[in-house]
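What you see below is based on every heavy atom in this structure, not just the backbone, and it leaves out hydrogens, waters and symmetry mates.
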Amino acid sequence: MHGARDAAPAPDGPGPFPPGLYLPEDGRDAPEETAALLLGETPYALDLSGEPRVVAAGAICWRVQGDQLEVLLIHRPRYDDWSFPKGKLDSGETVPECAVREVREEIGLQIRLGIPLPQTRYPVASGLKAVHYWAAHVESAKPRPDGKEVDGVRWCTPDEASELLTNPTDRLPLESLVAAYEADDLATWPLIVVRHAKAKPRSSWARAEGERPLAATGQRQAKAVARLLVAWSPDRVVTSPWLRCVQTMGPYVNARKPKFKTVDALTEHSAKRKPGKARAAVDNLFEKAKPVALCTHRPVLPLVFEVLASHMADAMSAQLPGKDPYLVPGEAVICHVSRRHPGRIVSLERYRPFDD
């Protein structure tokens, strides 16, 4: 099952919202229960609920050599342990941004996040620690340990990794990654939907609606959207041609130079008159099967989500925003689409970037 089954939401502030997780259908629906079992404790004897005092993020880098799946472990001399690259969030950073940064800093790899994996939780000296993980495909780049936090790396099979991992809770995301691989859902591409950032009020704008620009807050949100999108590095950006959408994607387009296209069908007016064309514009993204970000308006989002729902299981589609305003300005929904099962969305995430 591919539903969203992670931890508590954070509706009152920016940052991570519950991701959709790829979990094996073996009854382990709650990460904290699995962690307790791996630690040799009963779930009621180890309290892993509540708000974490420490939040970290990382990735399980993977590749296929011949017909064999391999994952990358790191050795940390400070703890003399084997684990996955990860680290604590910096101020003003979302968990996807943190995961990408930590992998780059610790082992020199610039990754693109794949499917989200189960969060691990375990007690540390300062309280409860939660670590968010993603899968990350590595094709040919070679890891380069920083020599300080990490002094060694090792590619190994999942079975070897399970034996080597020092923290038994790390086996939970590893098991989920293996389950996705066995289901041919590990190789994916991201499809990201962004609601444009905060625009100047309609009431104070007398010119054409398509020329209404971002407010000062929206300009900050656009920069935050750009930082967030780097975690998935879409190669294409498709957007409504109205100025507030183009400006929202501007910082990312200017920094990363993706292919950029405006589509009239994604404007408010066009989608209202011809909703079928708006739906078709979203469906066309699946035909390309390449990492892409789409930016549009609040009134168009129900049509976008209607198309997304047709590409995912019912349990997952129930997690799509269903009430107005659907997304707050600058918020994004991230879908991962299977490469082996074209058109099938296998994971769902939702993030509101920080706009400091």
Residues, nucleotides or ligands: over 12 heavy atoms within 6.0 Å of Lys198 NZ:
no
Between Thr188 and Val337, does a side-chain contact (heavy atoms from CB on, under 4.5 Å) hold up when you go through it step by step?
CA-CA 5 Å; Thr188 60; Val337 187; 5.8 Å; no
Hydrophobic cluster membership, Val328 vs Met249, 4.5 Å side-chain cutoff:
no
Between Asp264 and Lys274, does any NZ, NE, NH1 or NH2 come within less than 4.0 Å of an OD or OE carboxylate oxygen?
no
Counting C-beta onward and ignoring hydrogens, is there a side-chain heavy-atom pair between Arg121 and Gln119 closer than 4.5 Å?
yes
Verify, without hydrogens or angle tests, whether Thr166 (side chain) and Trp82 (backbone) share a donor-acceptor contact under 3.5 angstrom.
yes
Please check if Val124 and Val131 belong to a single hydrophobic cluster, counting links between Ile, Leu, Val, Met, Phe, Trp and Tyr side chain heavy atoms closer than 4.5 Å.
yes
Shortest non-hydrogen pair, Ala180 vs Ile115, comes out as CB-CD1, 3.6 Å
Taken to the nearest 0.5 Å, the spacing of His132 NE2 from Thr94 OG1 works out to 10.5 Å
Given Val193, which of Val282, Leu301, Leu320 fulfils the side-chain contact (heavy atoms from CB on, under 4.5 Å) condition?
Leu301
Applying side-chain contact (heavy atoms from CB on, under 4.5 Å) to Tyr351 and Glu97, what does each step give before you reach the verdict?
CA-CA 11 Å; Tyr351 296 98; Glu97 294 171 66; over 6 Å; no
CD/Gln219 to OG1/Thr248 distance, rounded to the nearest 0.5 angstrom?
10.0 Å
Assess whether atom CZ of Arg104 is packed by more than 12 heavy atoms of other residues, nucleotides or ligands within 6.0 Å.
yes
Determine the minimum heavy-atom distance between Ala265 and Ser270, stating which atoms define it.
CA-OG, 3.4 Å
Donor-acceptor pair, Ser204 side chain versus Pro201 backbone, under 3.5 Å?
yes
Is the side chain of Ser317 donor-acceptor paired with the backbone N or O of Asp314 at a distance under 3.5 Å, no angle test?
yes
Within the distance-only criterion (no hydrogens, no angle test), does the side chain of Arg298 pair as donor or acceptor with the backbone N or O of Arg195 below 3.5 angstrom?
no
Would you check if Arg154 and Leu164 make a side-chain contact, meaning some heavy-atom pair closer than 4.5 Å?
yes
Does the Arg144 side chain pair with the main chain of Gly108, one donor and one acceptor, at a distance under 3.5 Å?
yes
Side-chain donor-acceptor pair present, Thr169, Asn167, cut-off under 3.5 Å
yes
Should Leu243 and Phe260 be regarded as members of a common hydrophobic cluster, given that ILVMFWY residues are connected when their side-chain heavy atoms come within less than 4.5 Å of each other, either directly or indirectly?
no
Ion pair present between Glu102 and Lys86, side-chain N to carboxylate O less than 4.0 angstrom?
no
I want to check something: taking the side chain as every heavy atom from C-beta on, are Gln110 and Val100 in contact at a cut-off of under 4.5 Å?
yes
Check the pair Val71 / Leu174 against side-chain contact (heavy atoms from CB on, under 4.5 Å), numbers first and verdict last.
CA-CA 9 Å; Val71 296; Leu174 175 62; 4.1 Å; yes
Are His311 and Pro342 close enough that some pair of their side-chain heavy atoms sits under 4.5 Å apart?
no
Side-chain donor or acceptor of Gln68 paired with backbone N/O of Gln65 under 3.5 Å
no
Of all the heavy-atom pairs spanning Ser240 and Cys245, show the shortest one and how long it is.
O-CB, 3.6 Å
Test your reading of the model: is there a side-chain donor-acceptor pair from Gln247 to the backbone of Leu214, 3.5 Å cut-off?
yes
Is Trp242 reachable from Leu303 through a run of I, L, V, M, F, W or Y residues, each pair having side-chain heavy atoms under 4.5 Å apart?
no
Option among Pro85, Cys98, Pro143 that satisfies the side-chain contact (heavy atoms from CB on, under 4.5 Å) test with Val103:
Pro85
Kindly indicate whether the side chain of Ser83, heavy atoms from C-beta on, has any atom under 4.5 Å from the side chain of Asp170.
yes
From Ser310 atom OG to Ile345 atom CD1, the distance as rounded to the nearest 0.5 Å:
7.5 Å
More than 12 non-hydrogen atoms from neighbouring residues, nucleotides or ligands closer than 6.0 Å to CZ on Arg202, yes or no?
yes
Please walk me through it: do Leu177 and Leu69 pass side-chain contact (heavy atoms from CB on, under 4.5 Å)?
CA-CA 10 Å; Leu177 183 144; Leu69 173 66; 3.8 Å; yes
Between Pro168 and Tyr122, is there a side-chain heavy-atom distance shorter than 4.5 Å?
no
Would you check if the side chain of Tyr252 reaches a backbone N or O of Pro234 as a donor-acceptor pair within less than 3.5 Å?
yes
Minimal heavy-atom distance between Pro96 and Trp134, with the atoms involved, is N-CH2, 3.8 Å
Rounded to the nearest 0.5 Å, the SG atom of Cys335 sits from the CZ atom of Phe305 at a distance of 8.0 Å
Roughly how far apart are Trp189 CH2 and Lys290 NZ, rounded to 0.5 Å?
11.0 Å
Decide if atom CZ of Arg53 counts as having more than 12 heavy atoms of other residues, nucleotides or ligands within a radius under 6.0 Å.
no
Is Asp324 atom CG crowded by more than 12 heavy atoms from other residues, nucleotides or ligands, each under 6.0 Å away?
yes
Below 4.5 Å, heavy atoms only, C-beta onward: do Gln319 and Arg350 meet side chain to side chain?
no
Side chains of His336 and Asp185: is there a donor and an acceptor less than 3.5 Å apart?
no
Can you hop from Val64 to Ile60 via hydrophobic side chains spaced under 4.5 Å?
yes
Contact summary for Pro116 and Ser347, nearest pair of heavy atoms:
CD-OG, 3.2 Å
Does Glu105 come within less than 4.0 Å of Arg101, counting only side-chain N to carboxylate O?
yes
Below 4.0 angstrom, N of the basic side chain to O of the carboxylate: do Glu149 and Arg78 qualify?
no
Would you compute the distance between atom NE2 of His196 and atom CD of Glu331 and round it to the nearest 0.5 angstrom?
13.5 Å
Taking the side chain as every heavy atom from C-beta outward, state whether Asp235 and Arg112 have any atom pair closer than 4.5 Å.
yes
State whether the side chain of Thr296 and the backbone N or O of Leu266 hold a donor-acceptor pair below 3.5 Å, judged by distance alone.
yes
Between Glu211 and Trp205, the two heavy atoms sitting closest are O-CZ2, 3.2 Å
